[in-house]
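These notes concern the structure reproduced below.
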Amino acid sequence: MKELSKAYESKDVEAKWYQAWMDANAFHSDASKGGEPYCVVIPPPNVTGILHVGHVLNNTIQDILVRWRRMQGRNVVWMPGTDHAGIATQNKVEQALKEEGKTRDDLGRDAFIERVWTWREEYGGTIINQLKRLGASCDWERECFTMDPGLSAAVTDVFVQLYEKDLIYRGNRIINWCPRCQTALSDEESKGEDRKGHLWHIKYPVSGGVEGEFITVATTRPETMLGDVAVAMNPADERYADLPGKTITLPLVGRELVVIQDDYVDKEFGTGLVKVTPAHDPNDFEMGQRHNLESIDVMNEDGTMGERAGEYAGMDRFACRKKVVADLEELGLLAEIEGHSHAVGQCYRCKTIVEPRLSLQWFVRMEPLAQPAIDCVKDGRLNIVPDRWSNTYLEWMENIRDWCISRQIWWGHRIPVYYCDACDHQWAARETASVCASCSSADIRQDEDVLDTWFSSWLWPFSTFGWPEETDDLNFYYPGGTLVTGFDIIFFWVARMVMAGLEFRGEVPFKDVYIHGIVRDDKGTKISKQLGNFVDPIEYMDEYSADALRFSLMMILALGHDLKLPKDQIEVGRNFGTKLWNAARFMQMQDNSFVVDIENPVFDPALLSSEDKSIIYEMNQSIQACTEHLERYRFNDYAREVYDLVWHRLCDWYVEYSKSVFYGDDDSRKKQVLTVMHVVFANSLKLLHPVMPFITEELWQSMGYGAEGDFIMLERWPESQEMTALAAFGITEDVLAYVQDKHAVIRAGRMLKADLNIQAAKKMAYIIKPENEAHVSLLSEDEPSLMMLMRAESIIVDPAFSPEAAMPSAVLRLGTVYMPVDGVIDVAEELGRLTKQLDKLSGELKKFDGKLSNPQFVEKAPEEVIAQQRERRDEIASEAEKVSELIKALS
RNA sequence: GGGCGAUUAGCUCAAUUGGCAGAGCGCCAGCUUUACACGCUGGAUGUUACAGGUUCAAGUCCUGUAUCGCCCACCA
């Protein structure tokens with residue numbers, strides 16, 4: 001046994017054990033060892049990222065699952081890695097360049113990409129090191145990066161496969177365009193945010209009609225009118241029956257607009273007329289397709305107005321909006337300005353307002369991929385926890401839209417499509433092409449765009465194991481066990497991984513998806529750097545320890561809910577660590593050379609006291625409960641269970657009880673109690689290891705529970721035993737009931753002192769009148785521990801004691817414990833207290849009597865409920881009777 | 001507009017199948033008890049958001065209302 005210092009120094013200890021685990025290769029997984037696989041793939045953090053509390057939550061959960069399953073003997077792999085995060089990373093590097101006064105164009109494509117790689121070498125390891133600080137037991141030998149050659153090959157392979165199946169196509173569509181990042185975004189990457197805006201009603205002159213005739217259209221984006229090509233009406237709208245055939249003049253531009261009739265137009269909304277701008281609105285684009293209209297793009301890639309905007313060319317889009325409105329007003333063509341609140345798309349990377357814009361992009365046809373992904377949730381092959389997220393998932397799948405996968409940036413997987421300028425051939429290829437696949441001309445060029453970052457992430461569960469090669473790892477570990485993630489990336493990532501898994505592996509990528517909430521600050525606001533409420537978890541780990549942070553988070557992690565993390569919550573974990581530490585020190589102080597074989601402890605039924613039996617039983621119950629809670633992803637219940645076992649059952653009761661043995665002189669009992677305590681403590685450490693890996697390892701080693709060089713992290717998870725097995729040690733329902741009773745007696749004794757304002761330390765005489773005859777001799781035998789725990793001067797166990805006769809020199813608590821207090825008590829005060837107690841009891845009794853005399857209750861309630869209620873009623877009645885007799889005796 | 005979640009002690013949250021409403025923090029009183037004051041012992045605190053309903057029995061199930069939060073959506 002290694003003697004423990006007085007205080008626990010978490011920082012050194014945590015670093016020491018992490019290094020020791022790494023040195024021993026303890027996180028490494030090996031498919032060839034067989035067994036039952038359990039695979040978790042990390043949601044790869046952005047390579048640019050730094051650790052925030054959300055990562056801590058996410059990775060603590062994964063680490064708990066992984067460590068627990070590993071202890072259960074599963075062949076566990078936790079696959080780590082980072083994501084190249086196309087737009088985010090490119091933005092970061094461009095930012096750095098900007099400080100040097102350069103742009104990416106100054107460098108050119110190749111040099112820029114080179115620069116990003118250099119940047120990644122320098123800063124890319126930050127978050128990985130932070131995860132290690134947290135204790136994540138990933139198999140770091142396998143660490144992947146989405147731009148690794150292997151993973152890139154998987155991306156290309158998937159692209160080519162889908163291309164050849166015609167599930168990938170290139171087309172002109174309205175997409176979300178970020179003018180700042182200057183790239184297309186997928187629908188998911190444009191986050192709608194309600195903004196207070198305006199609805200401008202604009203008068204368009206009708207030519208060929210009466211002089212001064214106008215129609216009115218409404219728009220939230222007046223600048224797009226510069227690209228109008230038509231006005232649309234509902235064919236059934238009689239108000240405008242004579243409009244078709246007439247031409248309309250577009251103000252400011254002078255272009256003639258045709259009138260089209262389309263069912264899309266809602267007669268009831270606005271004026272019933274819609275301006276049609278096919279190049280800048282998805283619905284208008286659809287109408288444009290149906291009616292063969294030209295699309296006039298009036299904007300540039302950077303959000304300024306383009307040359308087709310005529311005199312407005314070069315203006316910023318929002319400046320142009322103001323100018324257009326002002327110009328219209330001057331012409332008297334502004335009919336009305338209405339306040340209007342509507343969702344405006346924002347770039348999820350930089351919050352810039354995105355511009356719906358006609359653009360030539362690559363898309364994945366999603367519908368064929370979605371159906372199997374719907375089926376697997378409906379038939380239970382994929383289990384989403386908590387289940388309500390299934391609805392969100394299915395809703396999205398069932399209304400799926402094609403995925404825009406091309407990005408106009410440089411950092412990422414370049415689209416493996418080639419164009420031949422000689423023969424116009426277009427093809428996709430796995431290998432970099434140098435000549436045309438059709439005419440062998442060397443006059444070819446590769447598509448300039450790169451793929452959406454998520455196009456590599458959706459392959460993560462199998463690309464990381466070497467796919468498209470059929471590796472042993474892949475065959476053994478796929479499909480994974482649990483995917484742990486926040487709800488914010490269900491669409492981005494989870495849904496798409498399921499689709500890819502089913503499409504390319506024919507199997508779901510994981511069996512369970514555990515969706516956790518997000519961490520908010522103490523005001524309930526989502527934590528983010530932009531909001532300035534970012535707290536650095538590393539600071540928390542430095543101040544309180546990684547274990548404390550992990551444990552505290554789990555204590556408040558209700559299934560699938562958001563959680564708030566105030567600073568004093570973390571103290572709960574820190575305090576718990578200290579409690580553990582001191583419990584260990586207590587044992588060492590009794591005997592610092594005592595070694596127990598934890599797996600095969602010597603329990604002699606003849607030597608075990610009822611307290612010993614009770615704590616063994618409670619440990620056993622906790623083992624079962626913890627296992628069940630983890631199986632059901634009830635992390636807060638799991639954490640609370642160990643907390644209660646260690647703090648309240650082991651420390652508050654058993655350790656306090658043990659002092660009556662240790663301070664005595666029965667050596668065989670001392671040995672037995674110390675054995676029990678070590679066994680309970682060691683098993684508690686095991687139960688706790690998944691959530692508090694460091695301190696449990698330190699204590700496990702210091703206490704000498706394992707053989708030299710053995711880690712608790714590789715120990716076997718404890719298994720609970722049936723009651724019948726426990727009976728071999730004399731652990732029976734009767735014993736457990738007795739200990740409950742005994743503890744009630746002790747509490748009653750303490751309450752007596754507190755109520756009578758007697759100092760807790762003052763030793764008093766007690767009389768115990770057991771209700772249960774069988775407990776008379778047991779209580780007598782337990783006198784030493786009762787004396788200690790009640791701080792008694794003397795204890796008399798007397799089933800025949802008559803409190804009524806002894807009054808007014810004795811008082812009672814809970815009907816069983818009496819204290820002779822000759823001349824000490826204030827009779828009036830005691831009477832008042834007893835009367836109050838009686839009132840409360842009679843009130844309760846009335847409630848129970850009412851219930852029990854209700855014929856419908858007696859008729860319809862299940863028997864065990866009635867019996868239970870009746871028992872409870874009788875308890876209250878007998879207590880009330882005793883109290884009332886005492887009142888009589890006192891008065 | 002559609003959907004989801006929340007509303008329980010001063011605060012943060014539990015409560016399995018409907019069956020005695022709990023914990024931590026905070027608060028109050030006491031304690032240098034030979035593991036721990038990051039501790040020990042005891043205590044106070046509830047119209048379970050509101051209004052109905054179902055039931056012998058509702059925090060829990062149903063209907064509606066309010067407030068807050070989130071997600072989705074092409075009403076210009």
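Fair warning: this is a prediction, and the values are worked out from it, not measured in the lab. Throughout, a chain's letter reflects where its sequence line sits, starting with A, and its residues are numbered from 1.
- Looking at which nucleotide of RNA chain B each of A:N391 and A:Q856 is closest to, the 5′-most match is held by A:N391.
- Here B:A35 is the nucleotide among B:A76, B:G42, B:A35 with the atom lying nearest to any side-chain atom of A:R585.
- Side-chain contact of A:N582 with A:R585: a donor-acceptor pair under 3.5 Å is present, judged by distance alone.
- Picking from B:A15, B:U55, B:C40 the nucleotide with the shortest atom distance to the side chain of A:D652 gives B:C40.
- In this structure, A:F576 reaches neither bases nor backbone, as no heavy-atom distance under 4.0 Å exists between it and the strands shown.
- Taking every side-chain heavy atom of A:K851 into account, B:G19 is the closest of B:G19, B:A14, B:C75.
- Nearest nucleotide to the A:R388 side chain, out of B:C36, B:C71, B:G5: B:G5.
- Taking atom C1' in both B:U47 and B:C70, one finds a spacing of 30 Å when rounded to whole Å.
- Residue contacts for A:P356: at a heavy-atom cut-off of 4.0 Å it reaches no nucleic acid atom on any strand shown.
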Practice problem: Using Watson-Crick or G-U wobble pairs with both distances under 3.5 Å, give me RNA chain B in dot-bracket, 5' to 3', with [ ] for crossers and | for pairs to another strand. | Solution: (((((((..((((.....[..)))).(((((.......))))).....(((((..]....))))))))))))....
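- A side-chain hydrogen bond (donor to acceptor under 3.5 Å, both in side chains) with A:K275 is found for exactly one of A:T224, A:D281, A:D284, namely A:T224.
- Judged by distance alone, the side chains of A:S622 and A:R649 do bring a donor and an acceptor atom under 3.5 Å apart.
- When the nucleotides B:A35, B:G24, B:A73 are ranked by their closest atom to the side chain of A:F586, B:A35 comes out on top.
- Between the A:Y264 side chain and the A:N283 main chain, no donor and acceptor come within less than 3.5 Å of each other.
- Taking every side-chain heavy atom of A:Q868 into account, B:C20 is the closest of B:C36, B:C40, B:C20.
- Considering only side-chain N and O atoms, A:K753 lies nowhere under 4.0 angstrom from the phosphate OP1 or OP2 of B:C40.
- Residue contacts for A:R574: at a heavy-atom cut-off of 4.0 Å it reaches a base atom on one of the strands shown.
- As rounded to the nearest Å, B:U45 and B:C40 have C1' atoms that lie 22 Å from one another.
- Taking atom C1' on both nucleotides, B:C50 is separated from B:U12 by 24 Å, rounded to a whole Å.
- Remark: side-chain polar atoms of A:R550 are not paired, donor with acceptor, to backbone N or O of A:M692 under 3.5 angstrom.
- Where A:A754 and A:Y663 meet RNA chain B, the nucleotide closest to each residue was compared, and A:Y663 sits on the side nearer the 5' end.
- For B:C75, neither phosphate oxygen OP1 nor OP2 lies less than 4.0 angstrom from any side-chain nitrogen or oxygen of A:K267.
- Within the structure, a side-chain polar atom (N or O) of A:K191 is placed less than 4.0 Å from OP1 or OP2 of B:C71.
- Across all strands, A:E656 comes closer than 4.0 Å to base atoms (heavy-atom distances).
- Residue A:H648 is classed as a sugar-phosphate contact, given heavy-atom separations below 4.0 Å to backbone atoms only.
- Only the P atoms considered, B:C28 is 38 Å distant from B:C61, to the nearest whole Å.
- Here A:V572 lies in heavy-atom contact (under 4.0 Å) with sugar-phosphate atoms only.
- Here the side chain of A:W647 is nearest to one of B:A76, B:C38, B:G39, namely B:G39.
- Of the side-chain N and O atoms in A:H340, one or more sit less than 4.0 angstrom from OP1 or OP2 of B:A76.
- Taking every side-chain heavy atom of A:R872 into account, B:C20 is the closest of B:A35, B:C70, B:C20.
- OP1 or OP2 of B:G39 has at least one side-chain nitrogen or oxygen of A:N575 nearer than 4.0 Å.
- In this structure, A:A861 reaches the bases: a heavy-atom distance under 4.0 Å links it to at least one base atom across the strands shown.
- Taking atom P on both B:G39 and B:A6, the two are 33 Å apart, rounded to the nearest angstrom.
- Within the nucleic acid shown, A:A343 comes within 4.0 Å of at least one base atom, counting heavy atoms only.
- Checking B:C56, B:A76, B:A35 against the side-chain heavy atoms of A:N582 singles out B:A35 as nearest.
- Using a 4.0 Å heavy-atom distance criterion, A:V655 is classed as a base contact.
- When heavy atoms are screened at a 4.0 angstrom cut-off, A:D568 is found touching the sugar-phosphate backbone but no base atom.
- A:R791 comes within contact range of at least one nucleobase, with a heavy-atom separation under 4.0 Å.
- With A:K742 contributing its side chain and A:L786 its backbone, the two residues share no donor-acceptor pair below 3.5 Å.
- Comparing B:C72 with B:U55, their P atoms are spaced 42 Å from each other, to the whole Å.
- Side chain to side chain, A:D266 and A:N234 fail the donor-acceptor criterion of an N or O pair below 3.5 Å.
- Of the side-chain N and O atoms in A:Q569, none sit less than 4.0 angstrom from OP1 or OP2 of B:U12.
- Looking only at atom types and distance, the side chain of A:S552 has no donor-acceptor partner in the side chain of A:Q569 under 3.5 Å away.
- Across all strands, A:A761 comes closer than 4.0 Å to no nucleic acid atom at all (heavy-atom distances).
- Note: A:Y348 and A:F492 have parallel aromatic rings, judged against thresholds of 30 and 60 degrees for the angle between ring planes.
- Proximity of A:R401 to the phosphate of B:A73: a side-chain N or O atom is located under 4.0 Å from OP1 or OP2.
- Comparing the C1' positions of B:G46 and B:U7 gives a spacing of 14 Å, expressed to the nearest Å.
- Distance from the side chain of A:R750 is smallest for B:G42 among the nucleotides B:G42, B:A76, B:C36.
- For the C1' atoms, the distance linking B:A58 with B:C74 amounts to 44 Å, nearest Å.
- Among residues two or more places apart in sequence or in another chain, the ring-ring contact (aromatic ring centres under 6.0 Å, His included) test is passed with A:W396 by A:F491.
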